[in-house]
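Working notes for the structure below.
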Amino acid sequence: MSLEELAFLALAVVAVATALLALLVRELVHTILWIAIFFVDLAAIYFLLEAPFLGVLQLGVYAGAVTVLLLFGIMVTRKRIFSREAATGIGPIPLALALVTFIFLVSAVGELPQSEVPVRSYAPSALSVLLFGTDGAWLLLLGLVMLAGVSGAIYLVREGRD
Amino acid sequence: MGLGVAIAFGEMLSPGTYTNVQITWLHLPPAPGVFPNGFSLVMGTLVDPLSSLMLVVVTVVGFLVMLYSIGYMHTEHGLPRYYAELSLFLAAMTGLVLANNLLEFFLFWELVGVCSYFLIGFYYEKPSAASAAKEAFLVTRVGDIMFLLGIFLFFYAYATAGPNGGWAANGFVFAHNGSPFLAGVMGRNTPLLTVAGLMILGGAAGKSAQFPLHVWLPDAMEGPTTVSALIHAATMVAAGVYLLAVTSVFIGFTPTDQLAIVAVGGFTTLFAASMAVVHPDIKRVIAYSTISQLGYMVLAVGAGFAMVGLYHLFTHAFFKALLFLAAGSVIHALGTQDLFKMGGLKKHMRVTAAAFAIGGLALAGIPPFAGFWSKDDILGSVYSTLGSHPLYWPFFLMAFAAVFLTAYYIFRAWFLAFSGDHIRDPTLPPPHEGPWVMQVPLVILSGFAIVAGLFVFAPGFASLLSGAGIPPTYTPTDLGLSAISVGLGAGGIGLAWSLWGNGRVYVLPDDSALQPLRRLLLNRYYFKVAYDAFGLRVVYTVARGADFFDRFVIDGTVHGFERMFGAASDRLRRMQSGVVSDYAAYVIAGLLAIFVLLLIVGPYVVARLGGA
Amino acid sequence: MTTLALTGFLGLSAALLGVGVFGILTRRNFILLLIAVEVAMNAAILNFVYFAAFPPNGGSGLSGQAIAVVLIGFAATEVAVGLAIVLALNRLKGTINVAQATDLKL
């Protein structure tokens, strides 16, 4: 087992564990901590896959911005920041659905080649050429969706609407 | 109205043309054994000599009746309903006249029927009106079912006949490229076609109140007089005759059918006229005369002179509407329909009296009024066939005898109502003429009743009559025949005058040998009693059985399903909790179900398609 | 040069999606719901990055990375809208417990 595989295995275990912990802990602020670790962990996986640009993006957008946004959301909706969630029972149906989803997706793994393949790496500049190519259609699309989202968000939270 | 007349004039200018516009709604591919060449549903309009003539009748009389209604109905409640129903009726009638195929014809036919039900039952608070409406609907329904059966039989017989692989494949259209669609196969004589023709006759008899389905029309007088004038004199009852005419021109009757039609028509003329002789109700007298006159038309169509029949329909529509509207004027003024309570009205209601007299003269067939020309035309043309069809003789004689009775009963009504010097029932209000909107239609219709018969001498109209591929038959050569019929008419009027003229009231002596006959006539040959008894004994028993079946078998099944779905939906209702997570669970479960289904079914589909 | 097997990656992303679905279905706090959605979203993004790194038939998988970039942007937008909903919900209901927001019920 190569070093890379070992690293991946470790990162994967950490990713699943942190995701589960983030959803299961009853302290909301702890959730944010776990999810931040989850995001950083994913960024590491991206670096492992030789996609450094995405790794940086993951760190900046997810581990940075999204985490802070979620924390902000908790801050404004809670009277005390450190307050515990009421325990919620885990019904059998959601668990079954989640398991079926997992098994279903894993069942597709068998269709793929099992051998080790060299990871293909791209220069970040090639990615930017693609993103800005065709008159920047990719980024234009992204920008438009973000604009619509932000407009909607502002509409939702503006004062004196009710 | 203007459009209808314009179309008729257009048809006169180019006689014998068929203007056909149609769209195909649905085309079924050929199915072996059912319709080997496919089957089409089409909607379209066909303007031909038959329909253009009818169009004039429907639109002109309809317009005048609408105008008259403004005055006659102004004190009634539910006027929006009245005018809506009347408009729907006129629209349906126009559609019927312009229909270019048998199925569309049937569609409008039913629409006309249901409008008639609405209008007869206009005074639905009155039990007699409600039951009359029901009766009209049910009796015509008997005819409608027969009509439908006739369509089925024609479908069966002509599924493969005609150009382009069959009538059914072309949507039962009447005309095709300017000629009758079934021109090549018309006149075939098979038992199947005979039965089909008889079924069509049944449908027409129901709608046109011919014997033995005549019972509903006199009772239909429960509706407003305007309705009687429009529907039960000028247009709707004419639909039956029109159906026979269209069938005879475009589909063709077998000789047996023709004899049956002649028999029904001829017998009805005399039968209905005899009942009118004794009746005391002014509107019912006119109603019986309508049945009788429709008998003449049926007789003519049956003898093979469709256009002559329609010609009588044309003139009859005007003078019969005139009679009804004049009667309506009397009823409007007095509030009663009993002839024996009236009298001396001609002093107070000059316009109405004159109009009723003109209508009566036209009905009695006195020249130069409209009825003379068309009735004489019918008698003349039927007479011309007697040589080759000796079986027509009795019915011809019946129709001839009915001329005398017609003249007698209509003038009996006139003398009873208008002559004399005082009203017999002093409790009635003093009579007066209606407003101008009621008088104008009377005057216009009087004009038509005088001159409509003379139209036949106008070249355009004559060519219209001859344009349907039928030989021009109006040749009043048989002057002797005309003389006899006029003589009979005059004799009838004379008898009426001697018995009822000048305010006289003739009372049949109690010991007269004619008393049983009078009772028979007054009770309308006991037809209603017999039908009621039949309905009570046979139909009610069957209905009880059907009711049992309906309640316990059909309803049981239906309620079972209802309970099943009710219980299921009750469970399902609880699923709608409003909680987002639950909805997400349904979405994910559904998605997974689709994926699993694709995994299972997908390989089979791929294998079937032979791809990937 | 790094060499890795594809199977493990797919297993990871399947597991993450399972965790995300599980969170979406069980959590009642709206913010946790959002986080669960983010986990599921990341599973999807991860897949794009894998297939960019292991393009089939030796072709270029660069568009996979491009889509991943766009998706990260979408996810950020989604969090912004989600938080706006959290705020609106909090103001309207005084809680962000989705079990108590049953306005979808007729």
Side-chain angles (χ1 to χ4, degrees), chain A residues 4-5 8 12 15-16 19-20 22-23 28 31 35 42 46 49-51 54 57-58 61 65-66 69-70 73-74 76-77 85 88 90 94-95 97-99 101-102 105-106 108-109 112-120 122 126-127 130-131 138 141-142 145-146 149-150 152-153 156-157 162, chain C residues 1-8 10-23 25-29 31-32 34-36 38-39 42 46 49-50 52-55 61-63 65-66 68-70 72-81 83-88 90-92 96:
Chain A
E4 286 89 2
E5 277 190 70
F8 167 71
V16 176
L20 269 175
L23 293 174
L28 264 183
T31 293
I35 206 72
L42 278 185
Y46 293 162
L49 285 166
E50 302 195 10
L54 277 169
L57 206 61
Q58 176 81 5
V61 174
V66 169
L69 263 181
L70 289 171
I74 292 170
V76 295
T77 54
E85 271 291 285
T88 23
I90 297 162
L95 207 60
L97 279 176
L99 274 178
T101 311
F102 173 68
L105 288 174
V106 164
V109 170
L112 293 166
Q114 305 292 317
S115 57
E116 296 198 354
V117 193
V119 171
R120 175 125 182 214
Y122 308 93
L127 183 58
L130 180 64
L131 283 173
W138 285 104
L141 175 69
L142 181 56
V145 171
M146 285 179 129
V150 169
L156 277 173
V157 298
D162 12 58
Chain C
M1 179 176 270
T2 320
T3 58
L4 285 167
L6 200 54
T7 48
L10 285 178
L12 172 59
S13 83
L16 288 182
L17 193 74
V19 171
V21 166
F22 166 75
L25 298 187
T26 54
R27 299 297 91 182
R28 290 288 183 257
N29 185 308
I31 292 179
L32 282 175
L34 266 182
I35 289 171
E38 285 309 313
V39 171
N42 266 294
L46 212 49
V49 182
Y50 299 151
F54 307 105
L62 198 55
S63 50
Q65 286 198 4
V69 170
V70 173
I72 289 174
F74 282 1
T77 315
E78 177 221 313
V79 171
V81 176
L83 279 178
I85 294 172
V86 168
L87 294 187
N90 191 44
R91 200 169 58 204
L92 286 171
I96 53 170

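Protein chains get the first letters and strands the later ones, always in sequence-line order, with residue 1 at the start of each. FYI, side chains are in, hydrogens and waters are out, and symmetry mates aren't considered; it's all heavy atoms of this structure.
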So which part of A/Ala15 gets closer than 4.5 Å to some heavy atom of chain C, the side chain, the backbone, both or neither?
both
Please flag which part of A/Val61 lies under 4.5 Å from any non-hydrogen atom of chain C: side chain, backbone, both or neither.
side chain
Top residue by heavy-atom pair count (under 4.5 Å) with chain C, among A/Val76, A/Thr101, A/Leu141, A/Leu130?
A/Leu130
Between A/Leu99 and C/Phe22, is the side-chain contact (heavy atoms from CB on, under 4.5 Å) condition met? List the steps.
CA-CA 8 Å; A/Leu99 274 178; C/Phe22 166 75; over 6 Å; no
OG1 of C/Thr26 to CG of A/Leu95, rounded to nearest 0.5 Å, is 8.5 Å
Using a 4.5 angstrom heavy-atom cutoff, name the option from C/Val81, C/Val70, C/Leu34 with the most pairs to chain A.
C/Val70
Kindly give the heavy-atom pair with the smallest separation between A/Met146 and C/Gly73, and that separation in Å.
CE-O, 3.6 Å
Most contact-rich option vs chain A, by heavy-atom pairs under 4.5 angstrom, among C/Ser63, C/Ala52, C/Ala76, C/Gly23, is C/Ala52
On a heavy-atom basis, which atom in C/Asn42 and which in A/Gln58 lie closest, and how many Å separate them?
OD1-NE2, 3.3 Å
Could you tell me which non-hydrogen atom of C/Ala66 sits nearest to which non-hydrogen atom of A/Leu127, and how far apart they are?
N-CD1, 3.6 Å
Which one wins on heavy-atom pair count under 4.5 Å against chain A: C/Leu46, C/Leu17, C/Ile85?
C/Leu46
Considering all heavy atoms, the nearest A/Ala19-C/Val39 contact
CB-CG1, 4.1 Å
Would you please test C/Val69 and A/Trp138 for side-chain contact (heavy atoms from CB on, under 4.5 Å) and show each step?
CA-CA 9 Å; C/Val69 170; A/Trp138 285 104; over 6 Å; no
What closest approach, in Å, do A/Ala22 and C/Leu32 show between heavy atoms, and which atom pair accounts for it?
O-CD2, 3.7 Å
Residue, of A/Leu97, A/Thr31, A/Leu70, A/Val150, that accumulates the most heavy atom pairs under 4.5 Å with chain C:
A/Leu70
Relative to chain A, which of C/Ile72, C/Leu87, C/Ile35 shows the most heavy atom pairs under 4.5 Å?
C/Ile72
So which heavy atom on A/Ala98 is nearest to which on C/Val21, and how close?
CA-CG1, 4.0 Å
